[in-house]
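Have a look at the structure below before the remarks.
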Protein chains: 2
Amino acid sequence: MENIRELFQIMTRRFGFLNKNCCTAGGLDISLIQSHIIYEIDHQFKPSMQQVAEALGTDITTFSRQVQSLIKMNLVKKVPDPDDRRVYILSLTVGGKFVATTIDQQMNAYLNEIFSHMNDFEKETVLRSIKLLNEAMAKSGFCCTTPMG
Amino acid sequence: MENIRELFQIMTRRFGFLNKNCCTAGGLDISLIQSHIIYEIDHQFKPSMQQVAEALGTDITTFSRQVQSLIKMNLVKKVPDPDDRRVYILSLTVGGKFVATTIDQQMNAYLNEIFSHMNDFEKETVLRSIKLLNEAMAKSGFCCTTPMG
DNA sequence: TTAAATTATTTGCATTTTGCAACTATATAC
DNA sequence: GTATATAGTTGCAAAATGCAAATAATTTAA
């Protein structure tokens with residue numbers, strides 16, 4: 001069988017395309033990084049800057065500036081944590097939540113379109129496989145969590 | 001079941017980490033984009049600049065400069081096409097080929113480590129699923145080929 | 001309880017990456 | 001042979017990056 005890496009290279013490249021300028025939402029153009037930040041804030045519970053930056057593997061200084069621009073765009077809010085005033089808690093504004101939902105729908109539409117080329121059994125198998133893969137990657141301290149050496 | 005997008009978001013992020021500063025090869029630090037370019041030149045037959053840039057979804061001007069730096073690093077060669085002297089044919093130098101091989105081995109080692117957390121049946125299923133997914137994405141004119149609107 | 005060390009975040013650069021518009025050079029059409 | 005199209009390069013100017021240093025709040029330890 002072919003090289004395993006080859007399969008993954010093709011897959012990740014295609015998803016790269018899928019994500020790339022994925023998103024015009026609410027009349028705004030959302031970059032790939034921005035969409036990831038919004039996604040992550042939406043999925044974590046009262047996350048701090050660090051937590052989100054860490055989850056995305058972005059340098060904290062770069063992240064700080066990216067958050068600033070999202071705040072200017074009125075998509076993200078930054079509130080000092082009353083328990084530790086060094087920390088800022090990130091959250092989505094109403095507009096940000098709307099953008100998050102819109103992007104989510106767009107992505108799901110893309111993905112469903114892709115899955116429409118499979119039968120139900122194949123679709124089930126593929127989804128289960130991706131879950132397996134995610135779990136395996138989570139177990140692998142080797143890689144995949146935060147950029148390693 | 002969870003949102004389909006969620007599965008993919010997690011997966012692609014993890015692979016992003018995997019790829020990120022993936023590669024030190026032959027004493028050189030190879031960036032993610034550089035490794036993709038090298039990969040693509042290695043896999044296409046006598047490709048032109050356009051062809052590789054297109055395959056990677058990179059702007060041709062950016063690509064042109066990236067190739068220049070790879071040439072300086074002595075990994076890539078650029079030879080005018082005798083049939084059409086506007087065109088340049090890209091190829092790997094011996095050093096470039098070595099880097100390509102090294103990266104390939106590294107990535108395969110990572111991937112095997114990940115798969116070591118699965119049994120043989122799961123591994124087979126996952127690989128088959130990714131193949132299915134790649135085929136489905138190839139069929140989907142919707143996305144996944146070259147950046148679309 | 002206060003000085004020292006630690007942690008979260010921001011700013012100051014300096015470098016790199018990006019992409020549009022304009023350019024050069026070759027090839028094709030009429 | 002002039003006009004048009006195509007492949008690739010360069011000139012900006014904007015954006016993204018990341019290290020080092022600054023700021024501000026918290027914890028540790030004497």
I'd like a table of atom pairs between the protein and nucleotides 1-3 of chain D - only N or O on both sides, under 3.5 Å - with the distance next to each one.
none

So which pairs with a foot in residues 34-58 of chain A pass ring pair (Phe, Tyr, Trp, His ring centres under 6.0 Å), sequence neighbours left out?
->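 Those involving residues 34-58 of chain A are Tyr39(A)-His43(A).
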Taking atom CG of Leu90(A) and atom NZ of Lys46(A), what is their separation to the nearest 0.5 Å?
->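 Rounded to the nearest 0.5 Å, the CG-NZ separation comes to 11.5 Å.
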Spacing of CG belonging to Leu7(B) relative to CZ belonging to Arg128(A), to within rounding of 0.5 Å =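 Here the interatomic distance stands at 12.5 Å.
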Mind checking Phe63(B) for me? I need base, sugar-phosphate or nothing, with any heavy atom below 4.0 Å counting as a touch.
->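 No contact.
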Rounded to the Å, how far apart are [X] [atom1] and [N] [atom2]?
X	N	atom1	atom2	value
Leu90(B)	dA7(D)	CG	P	14 Å
Leu56(A)	dA16(D)	CG	C1'	15 Å
Asp59(A)	dA16(D)	CG	C1'	11 Å
Ile60(A)	dT17(D)	CD1	P	13 Å

Determine which pairs satisfy salt bridge (charged side-chain N to carboxylate O under 4.0 Å, His left out) with at least one residue from residues 65-80 of chain B, sequence neighbours left out, and list them in order.
->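 Matches after skipping sequence neighbours: none remain.
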With sequence neighbours left out, write down each residue that passes side chain to side chain donor-acceptor pair (under 3.5 Å) with Gln44(A), or none if nothing qualifies.
->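 Gln44(A): side chain to side chain donor-acceptor pair (under 3.5 Å) contacts with Glu40(A).
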By side chain to side chain donor-acceptor pair (under 3.5 Å), which residues pair with Asn108(B), not counting sequence neighbours?
->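 Checked Asn108(B) against side chain to side chain donor-acceptor pair (under 3.5 Å); matches are Asn3(A).
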Fellow cluster residues of Ile89(A), listed by chain then number, with links counted only when side-chain atoms sit under 4.5 Å apart =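 Under the 4.5 Å side-chain rule, Ile89(A) groups with Val87(A).
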Output the residues of residues 74-87 of chain A in contact with DNA chain D, where contact means a heavy atom of the residue under 4.0 Å from an atom of the strand; sort by number or write none.
->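 Contacting residues: Asp84(A), Arg85(A), Arg86(A).
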How would you list, by chain and number, every residue that makes a ring-ring contact (aromatic ring centres under 6.0 Å, His included) with Tyr88(A), sequence neighbours excluded?
->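 Scan of Tyr88(A) (ring-ring contact (aromatic ring centres under 6.0 Å, His included), adjacent residues dropped) gives none.
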With sequence neighbours excluded, residues passing ring-ring contact (aromatic ring centres under 6.0 Å, His included) with Phe63(B) |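 Testing Phe63(B) for ring-ring contact (aromatic ring centres under 6.0 Å, His included), a comparison that skips the adjacent residues, returns none.
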Main-chain N/O of [Y] paired with [X] side-chain donor or acceptor, under 3.5 Å:
X	Y	result
Ser64(B)	Ile60(B)	no
Glu113(B)	Tyr110(B)	no
Glu54(B)	Gln51(B)	no

Distances for protein N/O vs nucleotides 10-12 of chain D N/O pairs under 3.5 angstrom?
| unit_1 | atom_1 | unit_2 | atom_2 | d |
| --- | --- | --- | --- | --- |
| dT10(D) | OP2 | Gln68(B) | NE2 | 3.1 |
| dG11(D) | O6 | Arg65(B) | NH2 | 2.9 |

Taking 5' to 3' order, which nucleotide of DNA chain C is first and which is last to have an atom within less than 4.0 Å of a heavy atom in chain A?
->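 Endpoints of the contacted stretch of DNA chain C: dT6(C) to dC13(C).
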Taking only residues two or more places apart in sequence or in another chain, which ones pass side-chain contact (heavy atoms from CB on, under 4.5 Å) with Phe8(B)?
->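 Phe8(B): side-chain contact (heavy atoms from CB on, under 4.5 Å) contacts with Phe15(A), Leu111(A), Phe115(A), Leu127(A), Ile130(A), Ile4(B), Met11(B), Leu133(B).
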